Amino acid sequence: VQLQASGGGLVQAGGSLRLSCAASGRPLAYYAVGWFRRAPGKEREFVASISRSGTSTYYGDLVQGRFTISRDNANDTVYLQLKDLKPEDTAVYYCALDQLIREGPNRKDDSYYQYWGKGTLVTVSS
């Protein structure tokens, strides 16, 4: 499976972006999907996750209420809508796939994921 994240860019504080994660090689419906980010000089951080069907989502505390994860299995794509962006949201954003069936929607642990894509850079100016 290969993943390609896109949609990053430069945006002013308070602005919005929509990130996409496109999968190829196997239908995305087989996987739960997570988004993570890594800011300069910081460790990788969980952002959001979504179940295989899309009925369950889970968010990191810092983005809850501002970011929305969704998926379109027919087009093998997962989205991350970013709203009310802040300078501290500046980071490289990565999508990742978890092929295992797990109890509950919480997939904060990056060890859960078997496949990772190259990231897309989001820069928020103040």
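Predicted, not measured: the structure shown is a model, and the values here were computed from it.
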For [X] and [Y], indicate whether the former's side chain and the latter's backbone hold a donor-acceptor pair under 3.5 Å.
X	Y	result
Ser51	Ser56	yes
Thr77	Asp72	no
Gln81	Leu17	yes
Arg102	Asp98	no
Asp89	Lys83	no

If every non-hydrogen atom of [X] is compared with every non-hydrogen atom of [Y], which pair is closest and at what distance?
X	Y	answer
Gly8	Thr120	N-OG1, 3.0 Å
Asp76	Leu28	OD1-N, 3.0 Å
Arg66	Leu62	NH2-O, 2.9 Å
Leu3	Ala23	CD2-CB, 3.8 Å
Pro87	Ala13	CD-CB, 4.1 Å
Arg71	Ala32	NH1-CA, 4.1 Å

Audit row: Trp35, Ile50, side chain to side chain contact (heavy atoms under 4.5 Å, CB included) steps and yes/no: CA-CA 9 Å; Trp35 282 96; Ile50 189 166; over 6 Å; no

Could you grab the distance from atom [atom1] of [X] to atom [atom2] of [Y], nearest 0.5 Å is fine?
X	Y	atom1	atom2	value
Thr90	Lys42	OG1	NZ	10.0 Å
Cys21	Leu97	SG	CG	6.0 Å
Leu100	Arg107	CG	CZ	8.5 Å

Test item: side-chain donor near acceptor, Asp109 and Ser111, under 3.5 Å: yes

Check against side chain to side chain contact (heavy atoms under 4.5 Å, CB included), Leu85 and Gln12: CA-CA 8 Å; Leu85 282 161; Gln12 289 186 331; over 6 Å; no

Residues clustering with Tyr113 (ILVMFWY side chains joined when closer than 4.5 Å, directly or via others): Phe36, Phe46, Tyr58, Val92, Tyr94, Tyr112, Trp116, Leu121

Residue of the set Val33, Ile69, Val63 for which side-chain contact (heavy atoms from CB on, under 4.5 Å) holds with Leu80: Ile69

Pair Tyr79-Arg18, side-chain hydrogen bond (donor to acceptor under 3.5 Å, both in side chains): steps then yes or no: CA-CA 7 Å; Tyr79 303 99; Arg18 188 175 79 159; 4.5 Å; no

Whether over 12 other heavy atoms sit under 6.0 Å from Glu88 CD: yes

Flag side-chain contact, heavy atom, 4.5 Å: Val122 against Leu19: yes

Residue pairs, two or more places apart or on separate chains, that pass side chain to side chain donor-acceptor pair (under 3.5 Å) and touch residues 20-32: Arg26-Tyr31

Intermediate values then yes/no, side chain to side chain contact (heavy atoms under 4.5 Å, CB included), Tyr115 and Gln99: CA-CA 9 Å; Tyr115 303 98; Gln99 65 187 3; 3.7 Å; yes

